[in-house]
Amino acid sequence: MTAELNRKVVLAKRPDGVPDESCFRVEDEELAPLENGQVRIDVSHLSIDAFIRTTFEEVAYHGGAAVSATIVALGVGRVRESRSDQFNPGDAVMAPFGAQTIATLPDVMLQPIDEKRAPMTASLGVLGMTTGLTAYFGIREVGRVQPGETVVVSAAAGAVGCLAGQIAKIDGAARVIGIAGGAEKCAYLTKELGFDAAIDYKGEDVDKRLRELAPEGIDVYFDNVGGPMLDVVLDQIREQARVVICGAISQYHGDMSKGVRGPNLYLRLAERHARMEGFAVTHFGAQFEEAEAQLVEWLGADSLKLPEQIENGIENFGATLQMLFEGGNTGKLLLAV
Ligand SMILES: NC(=O)c1ccc[n+]([C@@H]2O[C@H](COP(=O)([O-])OP(=O)(O)OC[C@H]3O[C@@H](n4cnc5c(N)ncnc54)[C@H](OP(=O)(O)O)[C@@H]3O)[C@@H](O)[C@H]2O)c1
């Protein structure tokens, strides 16, 4: 009988711009005997996140991956073997497993999942750190959306964007406008998720449409995209506006330590006594528990929806990651391994 192998995806070489297939290599490895305190997990789903691309550079905020190292990724799965008194076979857990089918980690790195509150994959989506918690803190703590305000969200049909728009509505925004690529995504936002309007940046003039939809200006811009779109919105902010720098996915294909395309119109902040503030979700670690409880409540009350788009096969990790940068996903992009 042949021993079961772990299949993993490693960084074969650093990309020059957009990563292609030659940047990824699939490898099989034998499983070593478990050591005391270690847990072995059958990985079920991986969270496909934009930050993963940034780790392909030598210097990166989330840590640059070494060439030939397993690519980083958060995931959920089930314990298959345990040498820890904290976890038993069958337990559902979440951890930074990496892009692989079987993960072996020290027990301290695992977070138990309570499957009674939501299906396992929700721990990567609505309740996930890089998705639900990010949207929650971006809207509540950084954007501080107030009742009656006008909120604009970019990459609005993506995982964080879908939730940011819905949380802004829950917090009383009078008008939530999503910016997304394609008429189908825009229709989804307005018909299914309760956005008041959506702009297809691939087919419409965003500047003109925003002036029509928000003639009095924008109070909060939840930015996931950066680049030229940030300037378009900055030009239309109101007095005391808040610009939330959640991410800048248009700027991730390169060495970000050497600079990205920043806003030309940042002086609108001075002219309108406005504020631009960035954040990483980890800055709010002390409030995770309370935020999760709120997200669970909204999920249970059907106040929040997040479609899951599930691709298949660890071999397709690189291609699935690329989908994020080509707008191939609506909602939370996951890879079932
Ligand atoms: N601050 C934090 O702690 C934190 C944590 C997690 C995520 N984030 C950030 O949140 C953002 C969204 O991440 P996510 O995981 O939820 O991904 P996502 O929104 O599900 O997917 C990314 C979406 O971005 C859009 N996009 C890609 N390239 C673009 C470009 N050049 N111009 C305009 N739109 C583009 C695509 O949709 P279209 O079809 O609309 O183009 C794509 O579907 C990212 O910027 C990420 O870095 C920040």
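Counting starts at 1 for both ligands and their atoms, in listed order. The figures that follow rest on heavy atoms only: side chains count, while hydrogens, waters and symmetry mates do not.
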Note to self: Among residues at least two apart in sequence or on other chains, which ones pass ring-ring contact (aromatic ring centres under 6.0 Å, His included) with Phe56?
What the structure shows: Phe24
Check: Can we say Glu315 and Arg7 salt-bridge, meaning some charged N sits less than 4.0 Å from an Asp/Glu carboxylate O?
Finding: yes
Notebook entry, point to check: Testing Leu124, Val126, Leu333, Leu306 for side-chain contact (heavy atoms from CB on, under 4.5 Å) with Thr131, which one passes?
Noted result: Leu306
Notebook entry, point to check: Does any pair with a residue in residues 280-302 pass salt bridge (charged side-chain N to carboxylate O under 4.0 Å, His left out), and if so which ones, sequence neighbours excluded?
Noted result: Arg117-Glu292
Notebook entry, point to check: Below 4.0 angstrom, N of the basic side chain to O of the carboxylate: do Asp196 and Arg175 qualify?
Noted result: no
Next item on the list: Report all protein residues having a heavy-atom distance below 4.0 Å to some atom of ligand 1; order the list by chain, then number.
Entry: Asp49, Ala50, Thr130, Thr134, Ala155, Gly158, Ala159, Val160, Ala180, Gly181, Lys185, Tyr201, Asn224, Val225, Cys246, Gly247, Ala248, Ile249, Ser250, Tyr252, Phe279, Ala280, Val281, Leu324, Phe325, Gly327, Asn329, Gly331
Notebook entry, point to check: Mind checking what makes salt bridge (charged side-chain N to carboxylate O under 4.0 Å, His left out) contact with Glu239, not counting sequence neighbours?
Noted result: none
